[in-house]
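Some notes on the structure that comes next.
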Amino acid sequence: MILVIDVGNTNTVVGVLLEGKVVERWRISTISRTTDELGLLLLQLLKHRSLLVEQFQGVAVSCVVPSVLYAIEKAAKRYFNLTALVVSKGVRTGMRVRTDNPREVGADRIVNAVAAFERYKQAVIVVDFGTATTLDCVSSKGDYIGGAIAPGFRISAEALFSKTAKLPKVEVEQTEKVIGTNTIQSMQAGLYWGYVGLVEELAKRCKAEMRESEGSTSSVHCVATGGLSHLIGRSCSEIDSIDGDLTLYGLWLLFQRNR
């Protein structure tokens, strides 16, 4: 079994994978923890599912918050006696990055791209609903060619609440209608359907540009992942599938490629 850790700006997802299948997963807050705090937290999570440290052959990490990476690496060594594979420069991905500056592409985006191309074996777009919403594009040859970054859904909701004097904080929720009959419904409709529209247009344009570069008859698959993928993705006609565990699978895959 492999322990994988995907550190995002808001949440960290911890997963246990066996032969590429997600056995367990937990979502915890991304906060600064000491090595011992993190190590003991991981042990408690595993104990709750009757999993033993001795069952793990490796640890793979994707991290976009550098300040917490040290504690993760030390905890892997101290509590699992394993050296964590951290997705960074020098890690074998099997994917060429065809951007102006490959070093600036986030580790999570590369992990998603590698996982998606391995799953679908064709030109693919990954829409990751995280703190930011990212669209990552992979050509039919398996090259990472770039993408788009937009404010995440929760960022948009927080901005609406914090920058207006009289509008309340609302729950993330799909509405049946766009025309709300009270302030709460109106805010929820504007946030939800406005965000669906944002994702739809970005995905549509990415598909069009990829088809133009690869040939008008080329097929481009669009897969959604991330915390809000099921909530937002189900309303986006441009999204062809939803895979909430895509990043975890990508970490497992990269561990296999770097053994």
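Heads up: numbering here begins at 1 and tracks the sequence.
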In terms of side-chain heavy atoms, does [X] have a donor or acceptor partner in [Y] at a distance below 3.5 Å?
X: Thr30; Y: Thr10; answer: no
X: Tyr79; Y: Thr35; answer: no
X: Thr247; Y: Asn112; answer: yes
X: Arg259; Y: Gln57; answer: no

Taking 4.0 angstrom as the limit, do [X] and [Y] come out as a salt bridge?
X: Lys77; Y: Glu73; result: no
X: Lys207; Y: Asp240; result: yes
X: Asp128; Y: Arg109; result: no
X: Glu118; Y: Arg257; result: yes
X: Arg49; Y: Glu24; result: yes

In terms of hydrophobic clustering (I, L, V, M, F, W, Y; side-chain heavy atoms under 4.5 Å; direct or indirect links), are [X] and [Y] co-clustered?
X: Ile125; Y: Val223; value: no
X: Val7; Y: Val111; value: no
X: Val61; Y: Leu17; value: no
X: Val23; Y: Leu46; value: yes
X: Leu85; Y: Val53; value: no

Atom pair [atom1] ([X]) and [atom2] ([Y]), whose distance is rounded to the nearest 0.5 Å:
X: Met95; Y: Lys141; atom1: CE; atom2: NZ; answer: 14.0 Å
X: Asp245; Y: Asp6; atom1: CG; atom2: CG; answer: 11.0 Å
X: Thr225; Y: Phe129; atom1: OG1; atom2: CZ; answer: 9.5 Å
X: Asp108; Y: Thr134; atom1: CG; atom2: OG1; answer: 6.5 Å
X: Thr175; Y: Ile179; atom1: OG1; atom2: CD1; answer: 10.5 Å
X: Gln174; Y: Leu191; atom1: CD; atom2: CG; answer: 13.5 Å

Notebook entry, point to check: Is it the case that more than 12 heavy atoms not belonging to Arg205 sit under 6.0 Å from its CZ atom?
Noted result: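 Atom CZ in Arg205 is not packed in, count stays at 12 or less.
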Next item on the list: Walk me through it: do Val16 and Val22 pass the test side chain to side chain contact (heavy atoms under 4.5 Å, CB included)?
Entry: CA-CA 6 Å; Val16 176; Val22 177; over 6 Å; no
Hey, are the side chains of [X] and [Y] touching, using non-hydrogen atoms and a 4.5 Å cut-off?
X: Phe255; Y: Val4; result: no
X: Ser235; Y: Tyr192; result: yes
X: Met210; Y: Ile145; result: yes
X: Val114; Y: Leu253; result: yes
X: Asn101; Y: Glu104; result: yes
X: Val124; Y: Cys222; result: no
X: Thr99; Y: Tyr144; result: yes
X: Arg33; Y: Leu41; result: yes

Nearest non-hydrogen partners of [X] and [Y], listed with the distance:
X: Glu238; Y: Ala203; value: CB-CB, 3.8 Å
X: Ile155; Y: Pro151; value: CG2-CB, 4.2 Å
X: Gly250; Y: Ala115; value: CA-CB, 3.5 Å
X: Ala116; Y: Leu246; value: N-CD1, 4.0 Å
X: Ser186; Y: Gly180; value: OG-O, 3.6 Å

Can you tell me if [X] uses its side chain to pair, donor with acceptor, with the backbone of [Y] under 3.5 Å?
X: Glu200; Y: Val196; result: no
X: Ser229; Y: Gly233; result: no
X: Ser140; Y: Ala123; result: no
X: Gln122; Y: Ser219; result: yes
X: Ser29; Y: Ile31; result: no
X: Asn182; Y: Ile184; result: yes
X: Asn258; Y: Leu254; result: yes
X: Trp252; Y: Met1; result: no

Checklist line | Glu37: partners by salt bridge (Lys or Arg N to Asp or Glu O under 4.0 Å), with sequence neighbours left out | finding: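 Partners of Glu37 under the salt bridge (Lys or Arg N to Asp or Glu O under 4.0 Å) test: none.
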Item checked: Partner of Ile5 under side-chain contact (heavy atoms from CB on, under 4.5 Å), chosen from Ile72, Leu248, Leu38 -> Ile72
Next item on the list: Test Val59 against every option in Thr83, Leu251, Leu82 by the side-chain contact (heavy atoms from CB on, under 4.5 Å) rule and name the one that passes.
Entry: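 Among the candidates, only Leu82 passes.
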Item checked: Parallel, tilted or perpendicular: rings of Tyr120 and His221 (30°, 60°) ->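 Rings of His221 and Tyr120: parallel, under 30°.
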Next item on the list: Measure from NZ or CZ of Arg119 to the centre of the six-membered ring of Tyr249 and say whether it is under 6.0 Å with the direction within 45° of the ring axis.
Entry: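 Satisfied, under 6.0 Å and within 45°.
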Notebook entry, point to check: How far apart are the C-alpha atoms of Asp143 and Val138, what are their side-chain angles, what is the distance that settles it, and do they pass the side chain to side chain contact (heavy atoms under 4.5 Å, CB included) test?
Noted result: CA-CA 5 Å; Asp143 295 339; Val138 182; 5.8 Å; no
Note to self: Using side chain to side chain contact (heavy atoms under 4.5 Å, CB included), reason through Asn81 and Phe56 one step at a time and then give a plain yes or no.
What the structure shows: CA-CA 10 Å; Asn81 197 28; Phe56 291 87; over 6 Å; no
Next item on the list: Output, in order, the C-alpha distance, side-chain angles, deciding distance and verdict of side chain to side chain contact (heavy atoms under 4.5 Å, CB included) for Leu231 and Phe153.
Entry: CA-CA 11 Å; Leu231 178 63; Phe153 185 93; 5.7 Å; no
